[in-house]
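First the structure, in the form of structure tokens, and then the observations on it.
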Amino acid sequence: MDKINVVEVNNLVKHFDIKSGFFSSTTKVVKAVDNISFHIGKGESLGLVGQSGCGKTTTARLMTLLEEKTSGDITYYDKKTKVLTSLDALEKEDIQNFRSQVQMIFQDPYESLNPRWSIMSIITEPLNIHNLGSADDRIEAAINILTTVGLTPANNYLDRFPHELSGGQRQRVSIARALIMKPAFVICDEPTSMLDVSIRISIMDLMLDLGRDLGVSYLYITHDLAVARYMCDRIAVMFNGKILEISETEELLNNPIHPYTKRLLSSIPVPDPTYKRVKYHLDFKEINEIIKSSEGTDMIEVNKGHFISTKDFSNELI
Amino acid sequence: MSDPLKIEDSKRKNSIFSPVVQKNWYLFRQSKMGLIGFFIIVFFAVLAIMQPLFFISGYWSNNIYDPVVGYDSIEVELVIVKCPRNSDFPTEKYDKPEDCPGDGEISDRMVMPFAPNAKPGDYYETFLQPAPPSIKHWLGTDSLGRDVFSQIMKGSQVAFMLGLLSATLSVSIATLLGTIAAFWGGRVDTYLMRQADLILMVPQLPLLLIMAALYRFQVWHLALVLGILGGFGGLVISVKSQALQVKVKPFVDSARVTGGTKFKIMTSHILPNVAPIALLYMVFAVTGAIFAESTLSYLGLLNIDMSWGMMIHLAQTDGYIFSGLRYWWIVLPAGLSVTFLSGGFYLVGRGLDDVFNPRLRKR
Amino acid sequence: MSDNLLEVKNLYMNYETLEGKVAAVQDVSFSISKGQSFGLVGESGCGKTSVAMSLLKLQADNGFIDSGSIFIDGTDIVPLEEKELRSIRWNKISIVFQGAMNAWNPVIKVGEQIREALREHYPENTKHINYNKMVSLFNMVGLDDSVLNRYPHELSGGMKQRAIIALALSCDPKLIIADEPTTALDVVIQDQILNELKKIQENLGLGVLYISHDISVIAEMTDNMAVMYAGRIIEKGPTKDLFANPKHSYTKLLLESTPSVVGEKKKLYSLDGKPPSLMDEIQGCSFSPRCPNPTNDCKNGLIEMGLIETENGHWVDKCCVNCG
């Protein structure tokens with residue numbers, strides 16, 4: 001079967017106007033997302049890696065219509081029409097349909113569930129909103145998904161409240177809620193960074209397994225390259241609103257081209273006291289050569305599936 | 001995997017209240033202020049409830065104990081005395097001019113119109129109004145022979161009804177408006193905020209005075225006015241700030257991503273999380289209502305039979321306020337009741353603050 | 001013994017809370033000698049921060065040291081009063097708190113806040129001496145003199161953290177506690193700051209106690225380490241030994257659940273559930289409910305606890321000497 005793209009983002013831009021002064025005139029424009037493009041195939045997971053403030057969370061919010069984009073195109077594969085449809089082309093009713101296909105899992109297990117709702121209500125809210133199934137169907141669906149995410153016996157959990165669960169259990173509830181509609185695409189915004197180290201892997205494994213079983217594609221946002229390596233088929237490195245480098249995971253780790261990526265990789269501590277990390281000093285020689293040979297395109301392919309941004313960052317990276 | 005929920009189970013089975021309510025009550029208990037306030041409120045609530053019970057059970061007869069039209073005649077014999085001239089004080093019997101006539105005495109000048117032949121040393125039979133506290137009347141009677149304790153209880157009823165009615169009204173309106181302002185933003189928000197500013201600017205008491213002068217205010221009218229005024233005023237701003245905090249929480253984002261409509265998110269996500277704080281404000285709103293009523297009644301502007309404010313008003317017009325502690329049972333009970341009940345609500349509010357504001361909690 | 005900057009012996013510490021007594025630290029013993037760096041690893045709620053605060057007797061109002069001794073440069077600080085402690089705090093031992101970046105007073109310039117510490121401990125110093133000292137401190141942490149005149153909100157997260165380290169060094173302590181010193185910082189800044197710390201430690205011969213949930217940081221920065229779980233140390237010894245030859249199931253699990261960017265991509269393992277409540281009396285091994293290979297004795301709670309030495313300096317809980 002052809003590798004179809006579930007998501008395609010082209011030239012996405014988001015500017016924030018900083019208004020100040022007595023008459024609230026715009027004094028500054030913050031380019032939170034500055035012309036990024038990428039795609040994600042069916043069943044594939046793409047990692048969006050970057051440090052705080054690079055624009056990765058904004059990207060996620062743009063893709064779920066939590067924020068309005070300034071310009072650019074976000075396209076999703078519509079299960080019903082079997083065609084890649086741009087979000088701009090959707091009518092109001094279709095947006096509801098789109099919302100059932102795209103879900104998001106948030107970082108904070110303590111704030112992403114309404115403390116006054118029971119687990120049952122939280123998990124079946126998507127079904128409620130989209131008017132799917134009868135009341136009994138919904139209970140059954142809830143029990144099924146709770147069992148799938150490992151919260152068993154499911155009946156015990158239906159009437160519980162979030163404050164009665166541990167962080168890991170809450171994230172499982174978030175995952176259950178995201179997947180109950182069997183979406184095609186899920187965006188994960190650092191879902192394990194607030195969990196204990198010893199339980200992160202079980203949550204990540206759960207997401208990987210479910211992804212495989214349900215054919216879900218992931219956009220996995222994190223600041224931790226090691227986690228991205230575990231979860232993602234491909235990784236995009238983001239900085240200052242731009243994607244600097246994007247390629248398959250192992251290729252990126254073994255053969256990083258962009259100086260920013262190289263510096264990032266060399267700064268990550270390694271859980272091995274005998275390993276000697278090699279300090280990397282920013283060196284723009286190689287990349288300048290590559291930029292020169294590009295024909296003014298934004299991204300240039302240096303290897304199969306391995307792209308580099310051609311923008312000159314030597315001033316912004318100290 | 002061990003079940004971390006087993007401990008919760010045992011607590012659950014033993015109570016009709018949800019674990020959340022149980023936990024909150026436990027936290028509330030830790031606050032001494034909150035408990036004191038709670039018991040004060042309970043005390044006055046009991047007073048309010050007891051009054052009709054007393055009447056129904058026949059323990060009190062309406063004729064004597066009704067707070068408005070009751071009348072008790074207490075006969076007393078007073079000794080007629082001739083008070084010295086002001087310049088003769090102090091004498092061996094009296095220190096100051098106010099001491100004559102003392103307790104159990106009556107001045108001959110008072111008696112003269114009724115008994116021209118009376119001489120100092122004679123006894124004069126009269127009805128004692130106001131009568132000091134006795135077994136029959138726990139707080140004595142006022143100048144019209146009405147039982148003060150019964151009046152306090154009636155005042156308690158009025159205070160509660162007025163307080164709770166106006167507070168509920170204002171908090172309900174404010175919560176709705178505040179949440180709408182927070183969630184819709186834009187022009188709606190701006191309008192509601194400016195409206196609140198406008199109402200904040202208007203001083204409450206003068207406004208009430210003017211309205212009372214134009215209309216004949218009854219308690220219900222007052223409750224309505226206070227409720228609506230409060231509902232559109234500063235409370236909206238407080239609720240809005242609270243709603244804004246809830247609006248940015250991830251679970252609201254989650255609901256938006258899933259496709260919830262603005263209205264649904266507002267009612268099912270934001271309102272329930274704003275409600276606890278609204279409850280807190282309500283408690284403070286009650287104290288404001290009680291004070292407003294007392295003030296208006298004291299000024300004689302409220303069309304009401306009996307309330308604490310009315311008691312103080314009567315005390316003032318009859319001149320008892322400046323009698324020192326001689327007629328304390330006419331002045332003090334009403335004033336203290338207002339203070340204590342308002343204070344009680346305030347303390348409960350402080351106690352609730354501990355519950356809803358975890359940062360303020362002692363470990 | 002006398003060469004130890006810090007020696008903790010059988011420390012027990014708990015918190016009195018509304019819901020009951022929480023046994024936060026149970027029978028913790030370890031020592032740090034001059035110029036050494038020691039790492040305390042564990043997850044949330046394991047007690048590592050409680051240990052750190054106890055070392056300075058800065059624990060919360062409802063925290064009490066039940067028993068045990070803490071020898072700082074030979075003096076047991078457990079029985080000391082507040083007055084005597086003041087000469088030890090910051091002079092002998094100081095701390096870089098978790099989230100210390102947010103510990104700066106926003107309305108006072110950074111330099112002034114450091115000067116406060118100097119004035120407290122060196123009252124006889126002149127303004128000139130203090131100023132020179134601050135400049136040299138800042139240079140040590142890689143900050144420019146001009147930063148002394150700035151307010152905290154004018155500095156970036158990394159700069160604030162460096163300034164906190166300068167503050168911790170201001171009174172020439174012999175031992176520094178670094179409690180999650182680089183959480184919430186970017187990876188590149190984290191690397192720079194950790195390198196600075198290492199250099200400073202080598203130059204000044206300081207002892208450093210690193211506290212972190214990130215074993216990678218501990219692996220790179222420490223000579224010796226201890227792993228904590230539910231208030232107890234379950235394994236301790238030279239860092240290289242523990243990583244090469246972990247004995248306790250929990251230690252093994254920590255190592256096996258940490259992804260890395262170097263080396264082969266391995267299969268990783270992890271746990272479910274959460275650590276036990278420290279309010280309940282725990283019989284036997286507190287880890288056994290989550291242990292992947294508990295023996296029958298472990299499950300019955302009949303196992304005897306306590307660290308024993310297996311190889312040179314490598315200690316592990318008796319129950320896990322031969323964990324399968």
Side-chain angles (χ1 to χ4, degrees), chain A residues 57 60-61 63-67 95-118 121-122 124-131 150-153 156-157 159-166 168-170 173-174 177-178 180-181 183 186-187 189 202, chain B residues 1-13 17-24 26-27 179 183 185-186 189-190 242-279 355-356 358:
Chain A
T57 303
R61 293 178 72 87
M63 292 177 73
T64 50
L65 292 182
L66 284 176
E67 308 262 4
I95 299 232
Q96 274 296 78
N97 171 39
F98 145 75
R99 289 220 181 273
S100 67
Q101 297 280 305
V102 175
Q103 289 295 313
M104 191 152 151
I105 298 174
F106 294 85
Q107 177 181 20
D108 189 338
Y110 299 93
E111 303 278 27
S112 44
L113 305 177
N114 189 331
R116 304 187 164 271
W117 282 28
S118 68
S121 310
I122 293 175
T124 53
E125 187 186 18
L127 300 175
N128 256 326
I129 290 178
H130 293 270
N131 263 321
L151 292 175
T152 53
N156 261 354
Y157 287 92
D159 294 323
R160 301 286 176 191
F161 287 86
H163 67 267
E164 302 177 56
L165 305 185
S166 70
Q169 289 171 321
R170 285 186 228 204
V173 170
S174 290
R177 177 206 157 91
I180 197 168
M181 300 270 288
V186 176
I187 301 182
D189 190 354
S202 63
Chain B
M1 181 182 92
S2 65
D3 192 340
L5 308 165
K6 276 215 196 89
I7 314 166
E8 301 291 335
D9 246 333
S10 57
K11 275 202 210 140
R12 279 180 141 234
K13 288 193 196 112
F17 294 110
S18 77
V20 184
V21 175
Q22 273 187 332
K23 175 164 173 256
N24 286 346
Y26 178 72
L27 283 169
T179 314
F183 204 62
D189 177 20
T190 315
Q242 198 60 33
L244 277 181
Q245 287 182 37
V246 177
K247 182 181 161 198
V248 294
K249 296 222 166 166
F251 63 78
V252 173
D253 277 342
S254 190
R256 284 173 68 196
V257 170
T258 314
T261 60
K262 264 192 157 146
F263 179 74
K264 223 173 178 180
I265 293 180
M266 209 183 76
T267 50
S268 50
H269 282 284
I270 301 199
L271 270 179
N273 278 299
V274 166
I277 299 293
L279 189 71
V355 170
F356 293 128

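Throughout, a chain's letter reflects where its sequence line sits, starting with A, and its residues are numbered from 1.
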* Choice from B/Val252, B/Val246, B/Asp253 maximising heavy atom contacts with chain A below 4.5 Å ->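 Greatest number of close heavy-atom pairs with chain A: B/Asp253.
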
* When rounded to the nearest 0.5 angstrom, what distance separates CZ in A/Arg61 from CZ in B/Arg256? ->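 So the gap between those two atoms works out to 6.5 Å.
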
* Portion of A/Gln96 that has a non-hydrogen atom of chain B nearer than 4.5 angstrom ->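 The side chain, not the backbone.
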
* Per-residue contact mode, A/Leu113 against chain B (heavy atom under 4.5 angstrom) ->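 For A/Leu113, the contact with chain B is made by the backbone alone.
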
Taking the side chain as C-beta and beyond, is there a heavy-atom pair between [X] and [Y] under 4.5 Å?
{"X": "B/Thr258", "Y": "A/Arg99", "value": "no"}
{"X": "B/Val257", "Y": "A/Leu66", "value": "yes"}
{"X": "B/Ser254", "Y": "A/Arg177", "value": "yes"}

* Of the backbone (N, CA, C, O) and the side chain (C-beta and beyond), which part of B/Ser268 lies under 4.5 Å from a heavy atom of chain A, both, or neither? ->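 When you check distances to chain A, atoms from both the backbone and side chain of B/Ser268 fall under 4.5 Å.
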
* **Residue, of A/Glu125, A/Glu111, A/Gln103, A/Met181, that accumulates the most heavy atom pairs under 4.5 Å with chain B** =>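 Among the listed options, the one with the most contacts to chain B is A/Glu111.
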
* To do: Select, from A/Val102, A/Ile129, A/Ile122, A/Ile95, the one with the greatest count of heavy-atom pairs under 4.5 Å involving chain B.
  =>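 With the most close heavy-atom pairs to chain B, the winner is A/Ile129.
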
* Less than 4.0 Å between a side-chain N and a carboxylate O, is that true for B/Lys249 and A/Asp108? ->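 No, no charged N to carboxylate O under 4.0 Å.
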
* For A/Pro115 and B/Phe251, which heavy atoms make the closest approach, and how far apart are they? ->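 Taking A/Pro115 first and B/Phe251 second, the nearest heavy atoms are CD-CE2, 3.7 Å.
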
